**Student:** 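Sharing a structure here in structure tokens format.
As the structure is a computational prediction, the values presented were derived from the model and not from experiment.
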Amino acid sequence: MLRLNDIVERVQATRPSANIELIHKAYVFTAKVHHGQLRLSGEPYLIHPLNVAYILAEWNLDEETVATGLLHDTVEDTVASGEEVRELFGDTVSQMVDGVTKISRVVISDVADQKAESLRKMILAMGKDLRVVLVKLADRLHNMRTIGHLSPDKQVAVARETREIYTPIASRLGMARVKMEMEDRCFEVLHPEDFRELTRMADERKRDRESHIRNVVEILEKKIRESGFEAQVNGRSKHIAGLFEKMARQGIDFDHVYDFIGFRIVVKSLRECYEALGIVHSLWKPVPARFKDYIAMPKANLYQSLHTTVFGPNAELMEIQIRTEEMHALAEYGVAAHWKYKEGRPVVGKGDQMFLWLRQILELQQEMKDPGEFLNTVKVELFPEEVYVFTPRGDVKELPRGATTIDFAYAVHTEVGNQCVGAKVNGKMVPLKTVLKNGDVIEIVTHPAHKPSKDWLKIASTSRALNKIRAVVRQEQQEGSLALGRQILDRELRKYSLSLNKVLKSKEFEETLQETRLKTADDYCIALGYGKMSMFPLLRKIVPPEQLQEKVKESTLGALIKRVTTRKPSAIVVKGMDDIFIRIGNCCNPVPGDPIVGFITRGRGVTIHSRDCPKALENDPVRAIDVAWEAGTKAAHPVKLKVVCADKPGLLADISRTITASDVDIRRAVVTTTRDKRAVCNFEVSVNDAKHLSGLIKSIEKLKSVYSVERGKG
């Protein structure tokens with residue numbers, strides 16, 4: 001069992017002058033308030049905070065962070081109060097404990113909103129004190145190590161949340177070792193059979209390759225010594241989740257993963273990195289286009305290393321990484337490896353390149369109120385695959401893979417993006433939708449009178465560009481709706497010999513604004529122009545009843561409403577509206593239980609989308625309207641499923657039986673095979689709701705040799 005002395009010794013090993021008394025004091029307090037509490041394993045609860053503190057000590061963090069690791073559950077799970085923690089341990093530790101507690105207390109019924117809010121709180125915590133999120137990562141890492149004591153359903157829920165929120169944050173903070181362990185543990189929970197099978201095959205291959213690994217290590221160590229410097233050389237296999245991801249991405253089986261074993265060379269200096277690279281290339285022939293210099297152009301999380309792939313002994317592919325000891329520490333533990341926290345110094349400084357992405361997300365979260373939009377936007381920032389391109393002056397810009405010239409323009413400056421009319425890549429004019437490649441030199445052509453087009457939302461891929469384009473498009477749409485709304489209202493008021501300006505200044509109009517919770521006359525006219533607002537409540541206040549009955553038999557707006565109204569599907573309730581025409585977006589085909597959002601479209605009623613549907617994210621949030629699935633609705637809803645599996649006899653029959661056994665009808669099935677002996681099965685099925693669909697997907701995923709099951713779009 002872990003002891004307090006283990007934690008203290010680990011802290012003193014890297015911080016001899018650390019305030020150990022603070023850690024002792026935190027331990028005594030934690031042991032006292034958690035006394036009598038047990039974990040689901042039956043062990044004393046104290047084991048958990050001890051392990052969290054030890055993980056933080058392993059990451060070389062300061063004594064305040066380690067003490068917070070011991071105290072992180074005291075306010076949430078015991079009778080201890082935040083004020084008590086502040087009095088005993090000071091403001092800094094108290095604020096960190098409070099930050100961890102706030103992240104843990106996200107309770108929202110909607111799963112998508114809950115994930116978005118959890119992520120939002122973690123992002124905000126990072127902006128205030130990055131150590132709060134490091135404590136939360138250590139907390140989640142230990143929970144994943146002991147996840148076996150939870151119920152199967154709870155294990156799956158925790159693993160999915162870890163994979164979607166905590167793993168990408170660890171990756172963005174450069175904590176590769178933490179990221180890989182979390183990925184493997186999530187993979188073990190979510191795909192247990194695949195995990196066991198891949199682990200078995202990996203262990204067998206590693207045993208078979210031990211002599212090969214020793215041989216390569218000996219050759220490299222000898223050649224490096226002969227060159228006059230020392231290096232640590234080791235061979236390591238890819239982690240299991242990484243193997244599975246590569247197989248799925250490239251559509252190959254395990255036997256075709258040639259660079260399963262990678263080698264790492266750790267040297268003392270920057271100069272020795274490039275000398276070691278020369279030695280490697282003199283020994284074995286490098287593979288063209290597989291060399292990456294992350295030392296000259298570090299990743300966003302400051303990761304630095306040389307990557308090269310060579311044809312090694314017996315012409316076998318080998319990936320080799322070369323880095324200094326400092327680079328190695330940063331690659332393993334990221335921000336925690338070079339932690340330099342100073343009292344009163346903001347963690348996210350303007351000059352800190354490592355946190356450029358974090359500053360951008362902090363700006364985004366202030367602008368975005370819709371949880372679904374925020375979650376999808378931040379995912380773009382948390383899962384980057386970098387492309388390095390250049391301005392004509394040679395400045396490097398880092399963009400996610402798949403970025404276009406539009407993304408580059410907005411990366412330079414918002415006005416450059418807004419005024420972009422064309423682009424040159426490597427001296428040649430190209431379409432704005434051109435996808436950028438490493439090393440491209442881009443020049444943006446601008447015109448001061450130009451404005452972004454709504455079509456750019458289909459071209460851009462970075463959250464910065466998309467957000468800026470939406471802002472301009474939204475403003476133009478609001479201006480158009482404002483003009484239309486004023487026109488409709490003015491025309492209707494003239495029928496009663498009323499002045500628009502006088503009505504907008506009247507007491508009756510002020511009452512109408514309060515009733516509709518709108519702030520200004522412009523807001524009212526915009527809502528009217530969009531079709532979200534009826535003018536009848538206002539007319540009833542300012543027009544005598546006998547005149548209103550005569551003249552409002554068939555107004556312009558009345559005719560519009562009549563065109564777009566019909567009986568709505570009983571499955572969906574639109575807040576504040578009856579008899580409104582509703583149609584389901586065929587781009588996402590939501591089913592009961594899916595988080596949904598409605599958008600008002602002039603002349604076509606309300607269109608329903610899934611919250612995470614790309615089409616929904618392109619729509620103006622001003623036109624969004626609250627919608628919900630009606631309780632107790634039961635009906636068959638069409639859904640598309642894509643199943644990727646091994647091309648084996650009888651497997652398609654097994655999948656079909658599993659679908660029908662789940663009380664699901666198969667409406668259509670198309671199967672194609674690939675050269676690597678895989679089958680891609682596209683099914684169109686009918687399900688009752690999201691729970692029904694989720695159960696079906698889980699049942700198919702349990703089948704052996706099924707690699708992935710995805711819900712189709714469109």
Side-chain angles (χ1 to χ4, degrees), residues 110-113 115-116 368-377 379-380 454-461 466 469-470 473-474 477 481 530-532 560-561 563-631 633-642 664 667-668 682-694 696-697 710-714:
D110 186 281
V111 175
D113 285 1
K115 288 178 181 175
M368 294 184 177
K369 303 305 177 187
D370 179 70
E373 185 181 6
F374 176 73
L375 185 62
N376 282 279
T377 300
K379 280 181 178 179
V380 174
K454 187 177 180 180
D455 291 337
W456 286 10
L457 292 170
K458 300 175 183 177
I459 297 173
S461 62
L466 290 167
I469 295 165
R470 285 194 195 106
V473 171
R474 185 181 302 133
Q477 289 180 335
S481 294
Y530 268 127
K532 294 179 70 171
L560 172 63
I561 291 175
R563 285 202 305 272
V564 301
T565 56
T566 183
R567 291 185 63 190
K568 70 181 188 306
S570 60
I572 295 175
V573 177
V574 180
K575 187 176 180 180
M577 290 191 183
D578 293 317
D579 295 326
I580 187 78
F581 177 72
I582 291 176
R583 65 191 188 96
I584 301 292
N586 57 15
C587 46
C588 52
N589 287 320
V591 298
D594 284 339
I596 54 174
V597 63
F599 288 92
I600 291 180
T601 309
R602 277 193 213 102
R604 290 190 294 169
V606 176
T607 303
I608 308 298
H609 293 274
S610 294
R611 277 270 183 88
D612 59 354
C613 174
K615 289 284 185 183
L617 296 177
E618 290 177 10
N619 281 312
D620 186 353
V622 175
R623 291 194 290 111
I625 189 167
D626 289 336
V627 293
W629 295 105
E630 197 167 49
T633 300
K634 285 193 175 181
H637 296 265
V639 175
K640 293 180 180 179
L641 287 180
K642 179 183 176 182
V664 175
R667 303 172 66 169
R668 189 166 176 265
N682 290 291
F683 294 98
E684 186 175 321
V685 299
S686 296
V687 297
N688 296 332
D689 50 35
K691 186 177 180 181
H692 194 192
L693 177 61
S694 177
L696 171 63
I697 291 174
E710 296 177 3
R711 182 172 172 179
K713 300 291 183 184

**Student:** Of all heavy-atom pairs between Arg667 and Ser686, which one has the smallest distance, and what is that distance?
**Tutor:** CD-OG, 2.9 Å
**Student:** Exactly one of Val687, Leu696, Asn682 should register a side chain to side chain contact (heavy atoms under 4.5 Å, CB included) with Leu641. Which one does?
**Tutor:** Leu696
**Student:** Going by the rule salt bridge (Lys or Arg N to Asp or Glu O under 4.0 Å), which residues pair with Glu710 if we only count those two or more places apart in sequence or in a different chain?
**Tutor:** none
**Student:** Mind checking whether Arg711 and Val591 have side chains closer than 4.5 Å, heavy atoms only?
**Tutor:** yes
**Student:** Any side-chain to backbone donor/acceptor pair from Asp689 onto Lys691? Under 3.5 Å, distance only.
**Tutor:** yes
**Student:** For Ile469 and Ala460, work out which heavy atoms get closest and say how close.
**Tutor:** CD1-CB, 4.0 Å
**Student:** Under a 4.5 Å cut-off applied to non-hydrogen side-chain atoms, are His637 and Asp594 in contact?
**Tutor:** no
**Student:** When rounded to the nearest 0.5 angstrom, what distance separates CG in Leu466 from CG in Leu457?
**Tutor:** 6.0 Å
**Student:** Looking only at non-hydrogen atoms, find the nearest pair between Ile584 and Pro590 and report the distance.
**Tutor:** CG2-CD, 3.5 Å
